[in-house]
Protein chains: 2
Amino acid sequence: MTTTQEHRSVEERRDQLVDAALAVLRDEGVAAVTTRAVTSRAGLPHGTFHYCFATKPALFRAVLERQLRTAMAAAFATDTAALAPEARITAGLTAHLDTTRADPATALALVELFALARRDPGLQDVADWEQRAYVAAVRAHLEAWTDDRRFRWTAPPETLARLLVALADGVSTAWLQDRDDAAAAATIALAARTTATLVDGSAS
Amino acid sequence: MTTTQEHRSVEERRDQLVDAALAVLRDEGVAAVTTRAVTSRAGLPHGTFHYCFATKPALFRAVLERQLRTAMAAAFATDTAALAPEARITAGLTAHLDTTRADPATALALVELFALARRDPGLQDVADWEQRAYVAAVRAHLEAWTDDRRFRWTAPPETLARLLVALADGVSTAWLQDRDDAAAAATIALAARTTATLVDGSAS
DNA sequence: GTCTATAGCATGATAGAC
DNA sequence: GTCTATCATGCTATAGAC
């Protein structure tokens, strides 16, 4: 009988460490995400770290990539095809806010991590990609909405998508600060009301 | 002749250290703002730190308070009284973006610092105050615009103020990521166009 | 692959001479 | 008040036994 841990593939280890890193991040913030804290949270010896990730920034990159995938999946999970444009916009902005509300501590920590990534030359591409992917996804949705020809947008989809992403971001940021559900709902309702003026057609 | 530094009031020293902290913050990010880096940048011995600030968070507090004052002053510096509502909104959102554009490195670093402040129980009140002060200032402006009775808002000023702050925040965040001036201008123009639909009156 | 031990360095904070 | 020297701790990363 040895105390040696079972063999696991490096990829499994990496996932395990990313999980642990997210947990530390949520509970104690970016500054507390040290190689020691992560391995300790994962229940692994410290030495594990450096044969799974070359450096600490490499772990951050893995965390950001994981986050990007989950956030994209969550943001567009609900189907709003049956709704009128204004209600769809409300639903979309609310869905984004809901992911923030579902786990504010993680959302707050991810803001910290993204801020760090934007400054780190080795991580900027992940931050870039995250924004691009978001705008592109929103734009694709906006264009799909007009496929049935019942209405059209009176503004370029790209610009409208950027506006909606900026709104979703700003509203979530504000909510993270004051946790005021009613105010956030009112802001979203007003945003949807004004944005719906860009609809031209029978459904408007 | 001694090498001893001249006496300066503690308040002067504190200002000196806050300046240095902002410089380090801008150049190397939050993680690089150590007591040693700050005193060294200020050209002062390390020991200076702890008789000006009790702890490092106390320095961060001072930096945030300074930042709040300068940001508020800059954001509402330009007088837009002569403009119609839509142009005023464009001017306001552009003014906010311009402070970001004038010094992106500092803006990026302050995002990091605010993210940290939102998580630190000892600094949350500064972050709270910053948001409240911003919304209140925008709301005051919105209400002042209707003083001449030439138009009125068809939405509550508080909600409209929150919407505009969320927009300004989201637009600046997006610009910090892609540095796309044209896209930011288009987003602001569209935001102003939709928001101006909330104007009821002769000036609309 | 797995783990222990440790190198090598930076940190926040303090003690104590002047 | 001012400054030097230092303490105790924590960090990333690596070397090397198994």
Side-chain angles (χ1 to χ4, degrees), chain A residues 1-21 23-25 27-63 112-113 116-117 119-123, chain B residues 1-21 23-25 27-63 112-113 116-117 119-123:
Chain A
M1 169 187 174
T2 77
T3 57
T4 299
Q5 198 121 359
E6 260 180 280
H7 172 87
R8 297 208 188 280
S9 78
V10 172
E11 195 159 336
E12 269 176 306
R13 292 281 202 213
R14 286 175 55 105
D15 278 352
Q16 204 177 341
L17 289 175
V18 169
D19 286 339
V24 175
L25 194 64
D27 293 349
E28 300 168 75
V30 167
V33 181
T34 64
T35 56
R36 298 177 126 82
V38 169
T39 49
S40 151
R41 176 73 74 121
L44 295 172
H46 182 219
T48 313
F49 189 89
H50 284 94
Y51 62 82
C52 291
F53 295 102
T55 62
K56 205 171 84 151
L59 167 68
F60 282 150
R61 166 174 290 273
V63 171
E112 270 195 281
L113 184 55
L116 187 150
R119 289 195 61 93
D120 187 326
L123 293 175
Chain B
M1 171 184 174
T2 78
T3 58
T4 300
Q5 197 122 359
E6 262 181 278
H7 172 86
R8 296 207 188 280
S9 78
V10 172
E11 195 160 333
E12 269 177 305
R13 293 280 203 214
R14 285 174 55 106
D15 278 351
Q16 206 176 342
L17 290 175
V18 169
D19 286 338
V24 175
L25 194 63
D27 294 348
E28 301 169 75
V30 168
V33 180
T34 63
T35 57
R36 298 177 126 86
V38 169
T39 49
S40 151
R41 176 73 74 120
L44 295 172
H46 181 220
T48 314
F49 190 89
H50 284 92
Y51 61 82
C52 292
F53 296 102
T55 63
K56 205 170 86 148
L59 167 68
F60 282 150
R61 166 175 292 272
V63 171
E112 269 195 281
L113 183 55
L116 188 151
R119 290 194 61 93
D120 187 326
L123 293 175

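Predicted model only: the values in this text are computed from it and were never measured. So you know, we letter chains A, B, ... as the sequences are listed, proteins then strands, and number each from 1.
- Taking atom CG on B:Leu59 and atom C1' on C:dA13, their separation rounds to 15 Å, with Å as the unit.
- Rounded to the nearest 0.5 Å, atoms CG (B:Leu25) and CG (B:Leu59) are 9.5 Å apart.
- The interatomic distance linking B:Phe49 (CZ) with D:dG1 (P) rounds to 16 Å, in whole Å.
- Distance, B:Phe53 CZ to D:dG1 C1': 16 Å, rounded to whole Å.
- Within the structure, ring pair (Phe, Tyr, Trp, His ring centres under 6.0 Å) contacts touching residues 39-59 of chain A (residues at least two apart or in different chains) are A:Phe49-A:Phe53.
- The A:Tyr51 side chain lies nearest to C:dG1 when the options are D:dT2, C:dG1, D:dA13.
- For the atom pair CG (A:Asp19) and CZ (A:Arg14), the distance works out to 12.5 Å, reported to the nearest 0.5 Å.
- In the helix from C:dG1-D:dC18 to C:dC18-D:dG1, the rotation axis of the first five pairs and that of the last five pairs differ in direction by 10°, rounded to 10 degrees.
- Put simply, the side chain of B:Thr48 does not reach to within 4.5 Å of the side chain of B:Gln16, judged on heavy atoms.
- Atoms CG and CD, on A:Asp15 and A:Glu11 in that order, are 6.5 Å from each other to the nearest 0.5 Å.
- Closest of all the heavy-atom pairs between A:Cys52 and A:Arg13 is SG-CB, 3.3 Å.
- B:Glu11 has its CD atom 12 Å from the P atom of D:dG1, to the nearest Å.
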Polar pairs (N or O, both sides) under 3.5 Å between protein and nucleotides 4-11 of chain C?
residue : atom : partner : partner atom : Å
C:dT11  : OP1  : B:Thr34 : OG1          : 3.3

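- Taking 4.0 angstrom as the limit, B:Arg13 places a side-chain polar atom (N or O) nearer than this to OP1 or OP2 of D:dT2.
- Here D:dG1 presents its P atom at 13 Å from CG of B:Leu17, a figure rounded to the nearest Å.
- Contact detail for A:Ala62 and A:Val18: the closest heavy-atom pair is CB-CG2, 3.8 Å.
- Residues B:Leu17 and B:Leu44 have side chains in contact (heavy-atom distance under 4.5 Å, counting atoms from C-beta outward).
- Within the model, atoms CG of B:Leu123 and CZ of B:Phe60 stand 8.5 Å from one another, a figure rounded to the nearest 0.5 Å.
- At the phosphate of C:dT14, neither OP1 nor OP2 sits under 4.0 Å from any side-chain N or O atom of B:His50.
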